[in-house]
Amino acid sequence: MTFPRPLALACCAAALFTGGVHAQLKPPADSRNPAGGLGAPSSAPAQPAARPQPAAPAREAAPAKGDPQKEDAGRTAAAGWLLLLDRKDWGTAWETSAGMFRSAVPLSAWMDGIPKVREPLGTLVERTPAETIYRTQLEGRPAGDYVSVKFNTRFDQRQVQELVTTVREPDGRWRVTGYSAQPR
(Lines give C-alpha, C1' and ligand atoms only; values in the text may rest on other atoms or scores of the structure.)
Protein backbone atom coordinates (compact mmCIF):
# COMPACT_ATOMS: atom_id res chain seq x y z
CA MET A 1 0.00 0.00 0.00
CA THR A 2 1.44 3.39 -0.90
CA PHE A 3 0.64 6.68 0.77
CA PRO A 4 0.88 10.19 -0.62
CA ARG A 5 4.25 11.89 -0.33
CA PRO A 6 2.98 14.60 2.11
CA LEU A 7 1.89 11.90 4.58
CA ALA A 8 5.22 10.14 4.30
CA LEU A 9 7.02 13.45 4.83
CA ALA A 10 4.89 14.31 7.83
CA CYS A 11 5.48 10.91 9.36
CA CYS A 12 9.19 11.06 8.71
CA ALA A 13 9.51 14.61 10.00
CA ALA A 14 7.63 13.68 13.13
CA ALA A 15 9.57 10.46 13.64
CA LEU A 16 13.10 11.65 13.04
CA PHE A 17 14.25 15.19 13.56
CA THR A 18 17.49 16.91 12.93
CA GLY A 19 19.11 18.32 16.02
CA GLY A 20 18.25 15.29 18.14
CA VAL A 21 14.58 16.07 18.70
CA HIS A 22 12.33 13.03 18.40
CA ALA A 23 8.59 12.72 18.00
CA GLN A 24 6.51 10.22 16.14
CA LEU A 25 3.43 10.31 14.01
CA LYS A 26 2.75 6.80 12.83
CA PRO A 27 -0.48 5.34 11.56
CA PRO A 28 -1.52 1.96 12.87
CA ALA A 29 -0.60 -1.03 10.75
CA ASP A 30 -3.20 -1.97 8.19
CA SER A 31 -4.38 -5.56 8.50
CA ARG A 32 -4.18 -5.80 4.70
CA ASN A 33 -0.51 -4.81 4.85
CA PRO A 34 1.37 -7.10 7.24
CA ALA A 35 4.50 -4.97 6.91
CA GLY A 36 2.81 -2.02 8.61
CA GLY A 37 0.65 0.98 7.79
CA LEU A 38 3.17 2.78 5.60
CA GLY A 39 4.81 -0.21 3.98
CA ALA A 40 7.56 -0.38 6.60
CA PRO A 41 7.83 -2.83 9.49
CA SER A 42 5.42 -1.69 12.18
CA SER A 43 8.25 -1.10 14.64
CA ALA A 44 10.12 1.25 12.28
CA PRO A 45 9.13 4.83 11.41
CA ALA A 46 7.95 5.47 7.88
CA GLN A 47 10.49 6.77 5.37
CA PRO A 48 9.66 8.98 2.39
CA ALA A 49 10.59 7.40 -0.92
CA ALA A 50 12.74 10.29 -2.17
CA ARG A 51 14.85 10.76 0.96
CA PRO A 52 17.96 8.92 2.11
CA GLN A 53 17.69 6.70 5.17
CA PRO A 54 17.93 8.97 8.26
CA ALA A 55 19.74 8.02 11.44
CA ALA A 56 18.00 5.72 13.90
CA PRO A 57 15.55 7.44 16.28
CA ALA A 58 16.82 8.45 19.69
CA ARG A 59 16.35 5.91 22.44
CA GLU A 60 14.66 6.89 25.63
CA ALA A 61 16.79 7.15 28.74
CA ALA A 62 15.92 5.10 31.81
CA PRO A 63 12.93 6.41 33.75
CA ALA A 64 13.69 8.85 36.56
CA LYS A 65 12.33 8.23 40.01
CA GLY A 66 8.59 8.62 39.69
CA ASP A 67 7.09 12.03 40.29
CA PRO A 68 3.32 11.59 40.64
CA GLN A 69 2.57 15.31 40.28
CA LYS A 70 4.52 15.58 37.01
CA GLU A 71 3.12 12.27 35.75
CA ASP A 72 -0.42 13.54 36.39
CA ALA A 73 0.30 16.83 34.62
CA GLY A 74 1.84 15.06 31.61
CA ARG A 75 -1.00 12.53 31.44
CA THR A 76 -3.60 15.31 31.60
CA ALA A 77 -1.87 17.24 28.80
CA ALA A 78 -1.61 14.08 26.67
CA ALA A 79 -5.28 13.19 27.16
CA GLY A 80 -6.41 16.73 26.35
CA TRP A 81 -4.33 16.80 23.17
CA LEU A 82 -5.75 13.45 22.07
CA LEU A 83 -9.25 14.88 22.49
CA LEU A 84 -8.33 17.54 19.92
CA LEU A 85 -7.37 14.76 17.51
CA ASP A 86 -10.61 12.89 18.29
CA ARG A 87 -12.58 16.05 17.45
CA LYS A 88 -10.59 16.48 14.22
CA ASP A 89 -9.34 19.83 15.48
CA TRP A 90 -6.01 19.26 13.73
CA GLY A 91 -4.93 22.93 13.68
CA THR A 92 -5.42 23.45 17.40
CA ALA A 93 -3.60 20.18 18.13
CA TRP A 94 -0.60 21.41 16.13
CA GLU A 95 -0.73 24.90 17.67
CA THR A 96 -0.80 23.51 21.21
CA SER A 97 2.06 21.04 20.62
CA ALA A 98 5.54 21.66 21.98
CA GLY A 99 7.79 24.05 20.08
CA MET A 100 10.17 21.24 19.11
CA PHE A 101 7.24 19.36 17.55
CA ARG A 102 5.99 22.39 15.61
CA SER A 103 9.48 23.21 14.30
CA ALA A 104 9.93 19.68 13.01
CA VAL A 105 6.45 19.13 11.55
CA PRO A 106 5.32 21.99 9.30
CA LEU A 107 1.66 22.92 9.68
CA SER A 108 0.90 22.13 6.03
CA ALA A 109 2.35 18.63 6.33
CA TRP A 110 0.47 18.09 9.59
CA MET A 111 -2.85 19.26 8.15
CA ASP A 112 -2.41 16.98 5.15
CA GLY A 113 -1.04 13.96 7.01
CA ILE A 114 -2.90 13.63 10.32
CA PRO A 115 -6.39 13.14 8.83
CA LYS A 116 -5.01 10.28 6.72
CA VAL A 117 -3.60 8.69 9.86
CA ARG A 118 -6.62 9.18 12.12
CA GLU A 119 -9.70 8.88 9.91
CA PRO A 120 -9.20 5.15 9.11
CA LEU A 121 -9.43 4.45 12.84
CA GLY A 122 -13.02 5.61 13.01
CA THR A 123 -14.78 7.13 16.01
CA LEU A 124 -13.32 6.86 19.49
CA VAL A 125 -15.05 4.25 21.61
CA GLU A 126 -12.76 4.04 24.65
CA ARG A 127 -9.31 5.21 25.77
CA THR A 128 -7.57 4.06 28.93
CA PRO A 129 -4.14 5.14 30.17
CA ALA A 130 -2.08 1.96 30.53
CA GLU A 131 1.32 3.25 31.63
CA THR A 132 2.88 6.60 32.53
CA ILE A 133 6.64 7.11 32.71
CA TYR A 134 8.43 10.24 33.90
CA ARG A 135 11.96 10.96 32.65
CA THR A 136 14.36 13.85 33.07
CA GLN A 137 16.45 12.85 30.08
CA LEU A 138 15.68 11.42 26.68
CA GLU A 139 18.61 10.52 24.48
CA GLY A 140 19.15 13.20 21.86
CA ARG A 141 17.01 15.76 23.67
CA PRO A 142 17.87 18.45 26.16
CA ALA A 143 17.49 17.62 29.84
CA GLY A 144 14.02 18.43 31.10
CA ASP A 145 10.79 16.95 32.34
CA TYR A 146 9.26 14.37 29.99
CA VAL A 147 6.22 12.18 30.56
CA SER A 148 5.32 9.37 28.15
CA VAL A 149 1.84 7.91 28.38
CA LYS A 150 0.65 4.71 26.72
CA PHE A 151 -3.08 4.58 26.08
CA ASN A 152 -5.02 1.47 25.11
CA THR A 153 -7.51 2.91 22.67
CA ARG A 154 -10.48 1.38 20.92
CA PHE A 155 -11.97 3.07 17.90
CA ASP A 156 -14.94 1.66 16.03
CA GLN A 157 -12.64 0.48 13.21
CA ARG A 158 -9.46 -0.54 15.08
CA GLN A 159 -7.78 -1.02 18.42
CA VAL A 160 -4.43 0.70 18.89
CA GLN A 161 -1.92 1.60 21.54
CA GLU A 162 -1.23 5.30 21.43
CA LEU A 163 2.01 6.65 22.84
CA VAL A 164 2.05 10.35 23.65
CA THR A 165 5.18 12.05 24.99
CA THR A 166 4.86 15.41 26.68
CA VAL A 167 7.51 17.89 27.79
CA ARG A 168 7.30 20.68 30.32
CA GLU A 169 8.25 23.80 28.40
CA PRO A 170 9.94 26.90 29.86
CA ASP A 171 6.55 28.55 30.53
CA GLY A 172 5.72 25.64 32.86
CA ARG A 173 3.06 24.12 30.59
CA TRP A 174 3.10 20.50 29.48
CA ARG A 175 2.84 20.07 25.72
CA VAL A 176 2.96 17.13 23.34
CA THR A 177 6.26 16.44 21.63
CA GLY A 178 5.61 12.96 20.28
CA TYR A 179 2.75 10.77 19.12
CA SER A 180 2.44 7.31 17.63
CA ALA A 181 -0.32 4.75 17.22
CA GLN A 182 0.41 1.06 16.82
CA PRO A 183 -1.94 -1.92 16.52
CA ARG A 184 -2.82 -3.51 19.81
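Only this structure's heavy atoms are used, side chains among them; waters, hydrogens and symmetry mates stay out. Index from 1, following the sequence.
Taken from CD in Q157 to CD in E119, the straight-line distance is 12.0 Å, to the nearest 0.5 Å. The line from CG of L84 to OG1 of T92 is 6.0 Å long, rounded to the nearest 0.5 Å. Within the model, atoms CG of D171 and CD of E169 stand 6.0 Å from one another, a figure rounded to the nearest 0.5 Å. E139 contributes atom CD, which lies 9.0 Å from atom CD of Q137 (distance to the nearest 0.5 angstrom).
Contact record, L121 with V117: CG-O, 4.0 Å, taken as the closest heavy-atom pair. In this structure, A93 and W110 approach most closely via the heavy-atom pair CB-CZ2, 4.2 Å. Pairing each heavy atom of F151 with each of V164, the nearest pair is CE1-CG2, 4.2 Å. In plain terms, the two heavy atoms of G91 and M111 that are nearest each other are N-SD, 3.6 Å.
Side-chain contact between L82 and R127 is present, with at least one heavy-atom pair separated by less than 4.5 Å. When side chains are defined from C-beta on, R158 counts as touching P120, because their heavy atoms get closer than 4.5 Å. The shortest side-chain heavy-atom distance between F155 and V160 falls under the 4.5 Å cut-off. Considering only heavy atoms from C-beta on, I114 comes within 4.5 Å of L85 through its side chain. The side-chain heavy atoms of Y146 and T166, taken from C-beta on, include no pair separated by under 4.5 Å. No side-chain heavy atom of V149 sits under 4.5 Å from any side-chain heavy atom of L163.
A side-chain donor-acceptor contact under 3.5 Å links T132 and R75. Between the side chains of W81 and S97, a donor-acceptor pair is found at a separation under 3.5 Å. Counted by atom type alone, T165 and T177 present zero donor-acceptor pairs between their side chains at under 3.5 Å.
Among residues two or more places apart in sequence or in another chain, the side-chain hydrogen bond (donor to acceptor under 3.5 Å, both in side chains) test is passed with Q161 by N152.
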Exercise. Walk me through it: do T153 and Q159 pass the test side-chain contact (heavy atoms from CB on, under 4.5 Å)?
Key: CA-CA 6 Å; T153 308; Q159 291 187 35; over 6 Å; no
Quiz item: Are Q69 and D72 close enough, and set up right, to give a side-chain contact (heavy atoms from CB on, under 4.5 Å), and what steps lead you there?
Solution: CA-CA 5 Å; Q69 185 177 9; D72 287 345; 5.9 Å; no
Quiz item: Hey, mind stepping through I133 and V147 against side-chain contact (heavy atoms from CB on, under 4.5 Å) and telling me if it holds?
Solution: CA-CA 6 Å; I133 300 171; V147 173; over 6 Å; no
Exercise. May I have the step-by-step check of side-chain contact (heavy atoms from CB on, under 4.5 Å) for W174 and D145, ending in yes or no?
Key: CA-CA 9 Å; W174 289 85; D145 293 315; 3.5 Å; yes
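Between R102 and E95 no salt bridge is recorded (no basic side-chain N to carboxylate O distance below 4.0 Å). Using a 4.0 Å cut-off between a side-chain N of Lys or Arg and a carboxylate O of Asp or Glu, R118 and E162 qualify as a salt bridge.
W90 contributes no side-chain N or O that, together with a main-chain N or O of P115, makes up a donor-acceptor pair within less than 3.5 Å.
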